[in-house]
2 protein chains.
Amino acid sequence: MDSSSTRRQNTRRKLFEAAVTLIAEQGFSSTTVDEIAERAGVAKGTVYYNFASKTVLFEELLRHGIELLTDSLQAAADETAERGGSRVDALDAMIRAGLDFITRYPSLTQLYVAELWRTNRAWQSTLMQVRQKAIAVIESVLREAVASGELSPEIDVPLTASALFGMVLVAALDWQSFQPERSIDEVHSALSRLLQGRVSGSR
Amino acid sequence: MDSSSTRRQNTRRKLFEAAVTLIAEQGFSSTTVDEIAERAGVAKGTVYYNFASKTVLFEELLRHGIELLTDSLQAAADETAERGGSRVDALDAMIRAGLDFITRYPSLTQLYVAELWRTNRAWQSTLMQVRQKAIAVIESVLREAVASGELSPEIDVPLTASALFGMVLVAALDWQSFQPERSIDEVHSALSRLLQGRVSGSR
DNA sequence: GAGCTTGAACTGACTGGTCAGTGCAAAAAG
DNA sequence: CTTTTTGCACTGACCAGTCAGTTCAAGCTC
């Protein structure tokens, strides 16, 4: 019962891995099921044995991926709390966690960005849920920080959360695509500085 | 020679307008040439009379669009300088210009984001140039600000430029898609606050 | 432990539809 | 009369999804 599903689980994993890179590179519509099957080392029929359709394969991939991200953001926030760090420290730790995630799963990130703001697509609602889960983690830390007086009560929590999310997302993708020679620490500290208002000189 | 091209210019414009919305919604591959022609109110043959291929149509669209953006960013920076504003004021004006642009051309923005970090696509190099032009405008203002002592010399100019770019881009798209009831001023001031380090309370 | 059974997993040739791009004669525009 | 647009039929490549058949592995029997 358990061992019998191992084989299947394994092919599904191989299909996810194959699909994520291909779709990130080429987009959903120009990636063919034959390509995915070939890259996964599996026959085309197997794809349809394991997933109802090309779209369903993609949706499950998105869901699986965002779970990894929210878990790691949440873990970063929690660990900071355990160590007794401030909420701003938690935001900083989340930036780091976001960067780590993007380093580990660059294709997944690319693909997510490419699809997120499209309307009229089959998986639109899947993406909305997925986005909301990630943003919610950031928002809750922001709210705690406001409550504890660490952040100004004037900040607009939802807008700030999405701006932070976007800042990390785009900076990280740009780093990977256009300046891969930079170290993760350089990127992290540039973003950290922006967050903590140490850009405008003075102080 | 000039007036003779007016008519042609007009159909090209109609084709751009039709293509930009369709491709933003559905992606390049799942948008058909027949659809583009129909929405533009033009025969399919006309598309091929005016553009060598579907891909070329798209590339010219990208080029045309980014010109609009860089021009408006540059204009915002220049006007600030003329009014004798600081370089940080110029960055703020550019954020505003970016938001205005995205409000005016949401489809173009969506489409740009969706394609920018993909590799292995036909128009990859077009996009690289296009991105570099936009980022360069931001970088030059940052550098001036560092030179004049307004910003800390420790900031990493290229990374900060792309983080700012991303911050505005993602916040604006999120605003349009998920919180359209917000006013542009609310969005602007949330981003402005982030830029000027007025997020972390104290001060 | 050799042989048999069963259901789950996998295979790949095939089908039906879609779509980029072509060709061309005739009309409209200027 | 030159440039541009139209309308429409056609081609050939490509591709999502199907299905009849094959392989695999775990259990069962003697």
Side-chain angles (χ1 to χ4, degrees), chain A residues 1-62 111 115 120-123 126, chain B residues 1-62 111 115 118 120-124 126:
Chain A
M1 176 190 288
D2 219 357
S3 59
S4 72
S5 69
T6 304
R7 187 176 165 206
R8 203 171 172 185
Q9 224 45 48
N10 193 42
T11 42
R12 285 174 63 102
R13 193 184 41 72
K14 281 193 294 184
L15 283 169
F16 277 155
E17 281 166 16
V20 77
T21 31
L22 287 169
I23 298 180
E25 281 168 8
Q26 309 176 327
F28 176 80
S29 311
S30 26
T31 299
T32 70
V33 174
D34 289 277
E35 277 177 307
I36 296 174
E38 195 194 338
R39 163 110 38 139
V42 134
K44 187 178 190 175
T46 305
V47 176
Y48 286 92
Y49 181 76
N50 283 281
F51 298 95
S53 67
K54 187 186 171 186
T55 305
V56 168
L57 161 58
F58 185 54
E59 283 179 343
E60 295 197 17
L61 179 60
L62 288 174
L111 172 167
E115 295 294 338
N120 302 348
R121 301 221 86 174
W123 47 82
T126 306
Chain B
M1 179 187 286
D2 219 356
S3 59
S4 74
S5 70
T6 302
R7 188 172 160 216
R8 209 175 165 180
Q9 224 45 49
N10 192 44
T11 44
R12 286 174 63 101
R13 192 185 42 71
K14 282 194 294 184
L15 284 169
F16 278 157
E17 281 167 16
V20 77
T21 32
L22 287 169
I23 298 180
E25 281 169 9
Q26 310 175 328
F28 177 80
S29 312
S30 26
T31 299
T32 70
V33 174
D34 289 276
E35 276 178 308
I36 297 174
E38 195 194 338
R39 163 109 39 138
V42 134
K44 187 178 184 176
T46 306
V47 176
Y48 285 92
Y49 183 77
N50 284 281
F51 298 96
S53 67
K54 185 186 172 187
T55 305
V56 168
L57 161 59
F58 185 54
E59 282 180 343
E60 295 196 18
L61 177 61
L62 289 174
L111 174 166
E115 294 294 338
R118 288 209 200 295
N120 302 348
R121 301 219 89 175
W123 47 81
Q124 188 61 22
T126 306

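When reading the values below, keep in mind they use all heavy atoms of this one structure, side chains included, and skip hydrogens, waters and symmetry mates. Each chain gets a letter, A, B and so on, in the order the sequences are listed, and its residues count up from 1.
Here the C1' atom of nucleotide dG17(D) and the CD1 atom of Ile36(A) are 13 Å apart, to the nearest Å. Nucleotide dA29(C) holds its P atom 13 Å from the CG atom of Asn10(B), rounded to whole Å. Rounded to an integer number of Å, the gap from CD of Gln9(B) to C1' of dA29(C) is 17 Å. Straight-line distance from the CG atom of Leu15(A) to the C1' atom of dG17(D): 15 Å, rounded to whole Å. Whole-Å rounding puts the Arg7(B) CZ to dT6(D) C1' distance at 10 Å. Atom-to-atom, NZ of Lys14(A) to P of dA9(C) comes out at 14 Å; the value is rounded to the nearest Å. Here dC10(C) presents its P atom at 11 Å from CZ of Arg12(A), a figure rounded to the nearest Å.
Between Glu17(B) and Arg13(B), at least one side-chain N (NZ, or NE/NH1/NH2) sits under 4.0 Å from a carboxylate O, which counts as a salt bridge.
Partners of Phe51(A) by ring pair (Phe, Tyr, Trp, His ring centres under 6.0 Å), not counting sequence neighbours, listed by chain and number: Phe16(A).
For the pair Arg8(A) and dA9(C), the criterion of a side-chain N or O lying under 4.0 Å from OP1 or OP2 is met. Between Asn50(B) and dT5(D) there is a side-chain polar atom (N or O) within less than 4.0 angstrom of OP1 or OP2.
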**Request:** Mark up nucleotides 11-23 of chain C, 5' to 3', with B wherever a protein heavy atom is under 4.0 angstrom from a base atom, S wherever such an atom reaches only the sugar-phosphate, and - elsewhere.
**Result:** BB------SBBB-
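To the nearest 0.5 Å, atoms CG (Leu62(B)) and CG (Leu111(B)) are separated by 6.0 Å. Taking OG1 from Thr21(A) and CD from Gln26(A), the interatomic distance works out to 9.0 Å, rounded to the nearest 0.5 Å.
Closest non-hydrogen pair, Glu115(B) versus Trp123(B), comes out as OE1-NE1, 3.3 Å.
A donor atom on one side chain and an acceptor atom on the other are found under 3.5 Å apart for Ser29(A) and Ser30(B).
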